[in-house]
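Everything below concerns the one structure shown next.
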Amino acid sequence: MATETKSKNESKGFLGSTRDYLVNVRGELRKVTWPTREEVVHLTRVVLIVTAITSIFLGALSALLTIGLDQFGLSNPWILVVVFVAISIGTWWSFRQDGEKRY
């Protein structure tokens, strides 16, 4: 006769498992080293500055590409879709031919 034994989680049920989880979360949060107010303010400034610089750069790049593509007569969106699909297929094919999955 085979006897079935229940694991710890099965015998505690949903509420017991949830309680154990929350107790463990509370214990882990006590181990966290929280930043000081000065560190939070400094890092927030860094994030805002990097975000502003990145948005300015991407906006300028978008404007330059729009002007450049209009100069070549590529203002039709379907032409851009075909170019994007061709580049995507070429990239996929080159990775597939390589034999190693490096992507």
Side-chain angles (χ1 to χ4, degrees):
M1 294 184 174
T3 60
E4 295 182 25
T5 59
K6 293 184 177 182
S7 67
K8 284 193 225 178
N9 290 339
E10 290 176 3
S11 63
K12 289 183 180 182
F14 177 74
L15 292 177
S17 297
T18 303
R19 182 187 171 284
D20 287 346
Y21 172 76
L22 293 175
V23 167
N24 289 333
V25 167
R26 186 174 182 190
E28 290 298 321
L29 285 175
R30 287 184 179 158
K31 297 177 187 176
V32 173
T33 304
W34 298 100
T36 63
R37 181 174 175 84
E38 293 81 24
E39 290 173 333
V40 171
V41 169
H42 173 72
L43 293 174
T44 302
R45 285 182 185 151
V46 169
V47 167
L48 291 175
I49 290 170
V50 169
T51 302
I53 291 170
T54 303
S55 63
I56 290 169
F57 172 74
L58 290 175
L61 181 64
S62 175
L64 289 173
L65 286 174
T66 301
I67 293 169
L69 291 174
D70 285 344
Q71 294 295 324
F72 290 111
L74 295 176
S75 59
N76 189 346
W78 287 108
I79 294 173
L80 296 176
V81 168
V82 169
V83 169
F84 175 75
V85 168
I87 291 171
S88 299
I89 290 173
T91 304
W92 171 78
W93 183 78
S94 68
F95 278 123
R96 185 178 171 133
Q97 293 299 323
D98 194 17
E100 295 180 19
K101 292 184 179 180
R102 288 190 241 169
Y103 50 89

(message) Using 0.5 Å steps for rounding, measure from the CG atom of Leu29 to the CG atom of Leu22.
(response)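 Taking CG in Leu29 and CG in Leu22, the distance rounds to 10.5 Å.
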
(request) Starting at CG of Asn24, measure out to CZ of Arg19 and round the result to the nearest 0.5 Å. (result)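 CZ of Arg19 is found 10.0 Å from CG of Asn24.
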
(request) Sort out for me which residue in Ile87, Val83, Ile89 forms a side chain to side chain contact (heavy atoms under 4.5 Å, CB included) with Val85. (result)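 The passing option is Ile89.
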
(message) Tyr21 vs Ser17, test: side chain to side chain contact (heavy atoms under 4.5 Å, CB included). Steps then yes/no.
(response) CA-CA 6 Å; Tyr21 172 76; Ser17 297; over 6 Å; no

(request) Using modelled atom types only, decide if a donor and an acceptor are shared between the side chain of Ser55 and the backbone of Thr51 within a distance under 3.5 Å. (result)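 Yes.
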
(message) If hydrophobic clusters are built by linking Ile, Leu, Val, Met, Phe, Trp and Tyr wherever their side-chain heavy atoms come under 4.5 Å apart, do Ile49 and Leu58 end up in the same one?
(response)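 Different clusters: Ile49 never reaches Leu58 through Ile, Leu, Val, Met, Phe, Trp or Tyr contacts under 4.5 Å.
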
